[in-house]
Structures are given as C-alpha cells and as structure tokens.
Amino acid sequence: MIDDEPLVTIRNLRFFRGDRVIFDGVDIDIPRGKVTAIMGPSGTGKTTLLKLIGGQLRPAAGTIQVDGERVDRLGTRDLYRLRMRMGMLFQSGALLTDIPVFENVAYPIREHTGLPESLIRKLVLLKLEAVGLRGARDLMPHELSGGMARRVALARAIALDPMMIMYDEPFTGQDPISMGVLVKLIRALNDASRLTSIVVSHDVREAAQIADYIYIISNGKVIEHGAPDAMMSSSSEWTAQFMNGLADGPVPFHFPAPGLEQDLMGES
Amino acid sequence: MLEQLARLGRIGIGSLEQLGRGHLLLLYMLAGISELFTRPRLLLNQLFSVGVLSVLIVAISGTFVGMVLGLQGYYILSQFGAEQTLGVMVAASLVRELGPVVTALLFAGRAGSALTAEIGLMKATEQLSGLEMMAVNPVKRILTPRFLAGFVAMPLLAAMFSALGVLGGYFVGVGLLGVDDGAFWSQMQTKIDLYDDVLNGVIKSLVFGFVCTWIALFQGYGSAPTSEGVSRATTRTVVHSSFAVLGLDFILTALMFGE
Amino acid sequence: MTQNRTMEILVGAFMAVGFLALFFLSMQVSNLSSSNGGEGYQVLARFDNIGSLKVRSPVTMAGVRIGRVSDIAFDRKTFEAVVTLRIDSGYEQSIPDDTFAKIFTAGLLGEQYIGLDAGGSSTFLTEGGQITLTQSALVLEEIIGQFLFSKAEEGTKIE
C-alpha cells in the first residue's frame with residue numbers, strides 16, 4: 001500500500017439536484033491516516049459529498065476514487081464490498097430503533113461475518129468500551145441522549161474495523177460536554193487505529209481543533225484548503241469571515257434587496 | 001387551454017414514472033426472497049407485527065359482520081319462507097366477497113399504514129441510508145420480509161374473518177332466530193363449493209395481500225423524509241390500497257364467477 | 001430471550017388459527033367433506049327432459065344423498081339427455097337394476113335433484129350400469145299448459 005497516496009481522490013466533481021448546482025468542478029484529496037475536515041455554510045451539499053463518496057449518489061460528471069476504486073463506476077456488489085471498509089456516522093445516528101444498543105453494534109458484524117456468538121459479544125463490548133458506553137448495551141435507542149446515540153453509532157461504524165470513517169455534522173446540536181467527548185473520540189480513534197477520517201462540519205472551532213487538513217466549500221466550489229492554522233490566518237476575506245464567524249463580510253448579512261429607504265417609502 | 005393540456009400530460013408522465021418505480025421496487029423485493037430463507041427470523045418478526053397484531057380487529061369485525069348478515073339475511077329470506085338457506089347466504093357472501101375484501105380494507109388501515117409509517121420514519125431518520133452505508137441492502141433486509149409477511153398473513157386473516165363470520169351468522173340465525181341447525185349447515189355444505197368459492201376466496205386474498213403490502217411499502221420507501229411526507233404517504237397507502245382492493249375485486253369476481 | 005419466545009409462540013398460534021380457519025371453511029362450510037372425488041362408481045340414466053338439473057346436483061335415495069350428477073350429455077340419436085350419476089363409495093350393492101329415477105324439485109322454486117326409488121330386483125347396478133326406468137323433470141310451464149288445456153276442455157264440455 002502506498003502510504004503517501006491519498007485514500008480518496010475527487011476530480012472535477014459535478015453534481016446537480018434538479019436545476020440546482022450543488023458541485024461545480026470540485027477537486028479534493030483526502031490523505032490516509034489523517035483527519036480531514038470539510039467545512040462550509042449550511043446548504044453547500046456537504047452531506048451530499050459524503051453520500052457521493054459512499055456511492056449512495058452518482059455524480060453527473062467527474063471521478064471519485066476511494067482506495068484505488070472508482071466509486072462512481074462500481075457495480076452494486078463491488079460497491080457493497082467497498083462499503084464494508086467504510087464507516088459513516090450520520091447526523092441523527094441512524095440507529096435501528098427497534099433493537100437495543102448491543103444489537104445495533106452487532107448488526108454489521110452479524111450481517112457480514114459468520115463469527116460465533118461468543119466472539120461477537122466480545123467484539124461488541126470492546127467497541128462499546130471504546131466509546132465509553134459498555135454499560136448502556138441493553139438500552140433501546142430512544143432511551144439514549146443525542147450525544148450517546150452518536151457514540152453508539154460511532155461504535156457501530158467502527159464495528160468492522162473500516163479503513164475510513166465519514167462523520168456527518170458530528171457536533172451539531174450537542175452540549176459542550178458531549179461535544180468535547182466526541183472531539184476527543186474522533187481524534188483518539190483516528191490515532192489509535194490509523195483510520196482515515198472525513199469530518200463534515202460547520203462548527204469551525206471543533207473542526208479546526210481535530211483536523212489535520214481543512215477544505216472549505218461554498219457555492220459548489222472549493223474556496224480554500226490548507227492546515228487549520230493557515231486557514232485561521234487566511235488572507236482571503238471570505239475564509240476569514242467563515243473561520244471567525246463574522247456577521248458581515250463578503251457573505252453579506254443582508255439578503256439581496258432594494259435599498260431600505262426606497263423599500264420603506266415606496267408604495268408596494 | 002394549453003396549460004391544462006400540459007398539466008394533464010405532467011400528471012400522466014408522473015403516474016407512469018411512479019408505476020415504473022413501483023415495479024422496480026417489486027422486482028428488487030422479489031429478488032431478496034431467496035436470501036430470506038437463510039434468515040427466517042426476519043420473517044417471523046414481521047409476521048408478528050403484520051399478522052398477529054391484526055388478528056383482534058379482523059376477528060371482531062368478522063364476527064359482527066357475520067352476525068349482521070345473519071340478522072339481515074333472516075328478515076329477507078323469511079319473507080320467502082327460505083330461512084333454511086340462511087347458511088348459504090351468510091357463507092357465500094363471506095367466503096366469496098366480504099372475507100377477502102373487508103379483511104384487505106382492514107389490513108390496509110391497520111397493517112398497511114403502520115408499514116408505511118415505519119418505513120417512512122426509517123427513511124426520515126436515515127436508518128435506511130445507514131444500512132446502505134453498512135453495506136446492507138435495505139430493500140432486501142427491511143422491505144422483503146415485510147412484503148412476504150403481508151402476502152402470507154392476508155389469506156390467513158381472511159380465513160379467520162370468514163370462519164368467525166359464519167359462526168357469528170350461525171349464532172344469530174340458529175341460536176337467536178331459530179333457524180334449523182341441520183338445515184343451516186347442510187344447505188351451506190351443498191351449495192358452497194370448495195374450489196369455486198373457498199379457493200377463489202383464498203386466491204383473492206392472496207392478490208389483495210400482495211397488492212396492499214406492495215403499495216404500503218412503496219409509499220413508505222418513496223415518502224418524503226419529513227414528518228409531513230410520512231403522514232401524506234400513510235394517507236395515500238390507505239386510499240390507494242382501498243381503491244386497488246375494490247377495483248381488483250371487481251375484476252377478479254368477473255373472472256372467477258362470471259360464466 | 002423470553003420476549004423472542006413469546007413472539008414465536010404468538011406467530012405460531014397465528015399460523016395455526018389461520019390454517020384452522022381455512023380447514024373449517026373447507027370441511028365444515030364447503031362440500032369437501034361430502035364430495036369424494038374419483039371414489040365410488042358411475043351409472044347412467046336417460047331422461048326425456050332434465051329440466052334445470054345441473055352437474056353436481058345431488059342424487060338421493062330415500063332422501064339420503066348417495067351421490068352427485070357428474071356429467072350431462074345429449075344423445076343426438078334418441079334426443080334424450082344422458083345423465084351420469086356418480087354414486088359415492090360405500091353405496092355399492094345398493095341400487096337394484098330395476099330402480100326408478102325421478103327428477104324432483106326441492107321446494108317450489110328450489111334446485112332440482114335426482115331421487116332414486118329402489119325396485120325389488122336382487123341384482124344390483126355396478127360401474128357403467130344403466131337405470132332404465134326414468135321420469136322426466138316437471139317443467140312448470142308444461143304443467144301450467146296442461147292445466148289450462150284441461151280447464152279449457154272442461155269449459156267446452158259444460159257448454
């Protein structure tokens with residue numbers, strides 16, 4: 001395996017949803033063994049990007065390569081084989097609501113391996129231990145808090161020891177404590193098992209904290225990319241506004257409208 | 001005028017597209033059946049939620065429909081002095097029509113809507129997407145067992161409906177109104193044919209089970225992933241299933257009983 | 001685990017009750033119990049007119065149903081209806097060869113059936129045997145016709 005070759009290579013990606021352009025010529029490289037953050041304002045199709053990498057959506061043009069395989073060209077069987085080596089953490093956790101925590105984590109193992117029950121039990125408990133929820137194994141998903149559900153989902157995502165994990169907005173709607181826990185977990189998992197992590201987020205502080213590399217996407221294009229420090233002190237006005245959360249800047253506070261005076265005085 | 005025409009065209013194209021999607025889904029579901037035999041537990045769970053949980057409503061409705069048939073039939077038949085044929089009337093209407101049709105309507109309301117809501121919510125909460133990313137085919141793993149369970153459960157439910165209906169009719173006719181016990185059964189046995197009536201009724205309910213479950217799963221799988229989308233899909237399931245059942249019933253009846 | 005077990009039992013009960021209901025419908029409600037397919041033996045009977053007799057109409061003897069009409073054909077040479085009666089097994093050696101077959105109507109408007117009146121012969125019909133003594137169905141229109149005719153005749157006599 002060539003270590004310095006990127007795990008995921010995206011070239012000239014185009015994707016449309018109806019008439020709306022989501023991606024218009026995007027190039028991204030995700031390095032192996034690193035945490036890469038993909039950031040951008042809401043509605044820029046960050047989740048769509050993950051679905052494209054996972055092969056759930058097909059691009060209109062361009063290529064997506066994961067570990068040397070063209071995701072956009074794979075047949076169902078090969079795609080499923082590849083997905084066994086990918087984990088994805090959904091925003092909602094996406095746990096199966098009708099089975100308890102233990103079974104949720106055991107699900108992919110049961111589906112894809114013929115391991116004996118005693119071994120499955122050990123594996124599941126180890127994965128749950130890794131996210132600190134071994135004690136919650138008998139709870140049903142609706143009994144979990146949002147942060148716990150995401151940690152269980154994370155345990156499920158790493159159940160098959162994948163080569164990479166995609167995190168879809170892992171920090172959204174979390175209280176500071178569970179946010180801190182997740183940040184620590186993502187970093188720890190990445191370093192412990194040489195995983196490749198892709199974090200899609202618009203929480204600048206947390207993302208910058210764990211990421212080794214950052215891509216910023218807006219209006220269907222990559223605006224800028226680089227190491228977190230470089231991004232924070234970016235000379236680009238746009239990047240500075242986004243990274244520092246300023247209300248006004250190149251992205252205007254006001255939705256385009258006629259002048260206020262004119263609007264107030266004018267008759268309808 | 002042209003706008004009207006264009007709208008009609010859009011509706012036509014839209015429904016054709018829906019029909020195509022529905023059939024594709026059906027194909028995928030059928031393709032998963034062989035895999036289901038290695039995991040019978042999936043089917044068992046669905047038979048429970050689709051079948052067992054529908055028994056109560058089907059049993060109660062069947063009994064009361066049979067009792068009403070007994071009552072109404074008696075008043076009409078006694079005017080011609082033909083109370084003895086009450087058994088025939090009750091059994092024929094139940095086995096041929098009411099059993100399969102009313103069960104299917106109840107099924108669409110009870111099990112069908114539940115299936116749609118379940119699948120729709122699984123979609124809205126990204127559970128289906130999650131399965132896909134775990135390299136598990138959600139159609140095969142989630143939809144196929146439900147589909148097969150509906151197909152298997154419907155004839156059994158319809159048989160329960162008819163059997164309890166006959167007993168309900170017997171209770172009212174013989175027990176309360178004094179129709180002769182022997183005449184009730186013997187007339188019934190003479191006139192009701194195993195193939196023409198009972199078997200055709202079973203075939204009907206198999207078709208209804210197939211169609212109702214298919215519609216329910218299709219609506220759930222195709223629902224917009226929002227709470228409004230799921231509620232709309234659930235309504236559509238009940239409406240479409242009812243129309244489909246009544247329409248198909250006419251066609252099947254014409255094919256089976258028309259000479 | 002107990003939950004699983006309860007579910008298994010309930011599903012099992014559901015299937016059992018469902019099949020029981022199907023069994024009830026086929027045995028008790030329909031005629032499976034009283035029709036025994038290819039068993040028994042067949043005899044023929046020729047009638048001038050069978051009225052509205054149908055295939056599957058009952059064949060009775062002393063009021064007891066002992067078989068069914070299994071086939072009705074028309075003989076082009078004799079202009080008669082040839083009715084095949086399937087007599088259930090268990091009724092062998094019970095139809096003397098001089099038995100009289102009549103077509104009756106159950107009630108005024110009921111369905112028609114064949115009633116057999118046993119004769120006194122000691123030889124019995126077997127497979128393919130023929131009942132020679134038959135009486136046709138009473139066709140309501142004919143009876144009314146005859147009645148009117150006789151009334152009319154009476155009328156002319158009185159005058």
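The shown structure was predicted, so the numbers you read here are calculated from the model rather than taken from an experiment. All chains are named by letter (A, B, ...) in the order of the sequence lines, taking the proteins before the strands, and each is independently numbered beginning at 1.
Between Asn190(A) and Ser197(A), the shortest heavy-atom distance links the atoms OD1-OG, 2.6 Å. In terms of heavy atoms, Thr237(B) sits closest to Gln219(B) at OG1-CB, 3.3 Å. When all heavy atoms of Ser205(B) and Pro155(B) are compared, the closest pair comes out as OG-CA, 3.4 Å.
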From CA spacing to verdict: salt bridge (charged side-chain N to carboxylate O under 4.0 Å, His left out), Arg10(B), Glu3(B): CA-CA 10 Å; Arg10(B) 268 202 300 279; Glu3(B) 180 50 36; 3.6 Å; yes

Check against side-chain contact (heavy atoms from CB on, under 4.5 Å), Thr116(B) and Ser223(B): CA-CA 8 Å; Thr116(B) 306; Ser223(B) 68; 5.7 Å; no

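Inter-residue side-chain proximity for Leu57(A) and Arg17(A) is flagged as met; some heavy-atom pair is nearer than 4.5 Å. Counting only heavy atoms from C-beta outward, the side chains of Phe218(B) and Gln18(B) approach each other to under 4.5 Å. With a 4.5 Å cut-off on side-chain heavy atoms, Met160(B) and Val55(B) count as touching.
Of all residues in residues 125-145 of chain B, those placing a non-hydrogen atom less than 4.5 angstrom from a non-hydrogen atom of chain A are Thr125(B), Glu126(B), Gln127(B), Ser129(B), Gly130(B), Leu131(B), Glu132(B), Met133(B), Met134(B), Ala135(B), Val136(B), Asn137(B), Pro138(B), Arg141(B). Within residues 140-166 of chain A, the residues that have a heavy atom under 4.5 Å from a heavy atom of chain B are Arg156(A), Met166(A), listed by number. Among residues 181-189 of chain A, no residue has any heavy atom closer than 4.5 Å to a heavy atom of chain B. Within residues 109-131 of chain A, the residues having any heavy atom less than 4.5 Å from a heavy atom of chain B are, in residue-number order, Glu111(A), His112(A).
The pair Asp78(A)-Arg70(A) does not count as a salt bridge, with every side-chain nitrogen at least 4.0 angstrom from each carboxylate oxygen.
For Phe48(B), the CZ atom counts as densely surrounded, since its 6.0 Å shell holds more than 12 non-hydrogen atoms of other residues, nucleotides or ligands. More than 12 heavy-atom neighbours from other residues, nucleotides or ligands sit within 6.0 angstrom of CZ on Arg236(B).
Proximity to chain B (any heavy atom under 4.5 Å) is restricted, for Met88(A), to the side chain, taken from C-beta onward. Both the backbone and the side chain of Thr97(A) have a heavy atom closer than 4.5 Å to some heavy atom of chain B.
Judged purely by distance below 3.5 Å, without hydrogens or angles, the side chains of Thr253(B) and Lys204(B) pair a donor atom with an acceptor atom.
Between Phe151(B) and Phe147(B), the ring planes lie parallel to each other; the angle is under 30°, not in the 30° to 60° tilted range.
Using a distance-only test at 3.5 Å, with no hydrogens or angles considered, no donor-acceptor pair links the side chain of Asp72(A) to the main chain of Thr63(A).
Rounding to the nearest 0.5 angstrom, the gap separating the OH atom in Tyr221(B) from the CD1 atom in Ile119(B) is 9.5 Å.
Ring-centre distance between His240(B) and Trp214(B): not below the 6.0 Å cut-off.
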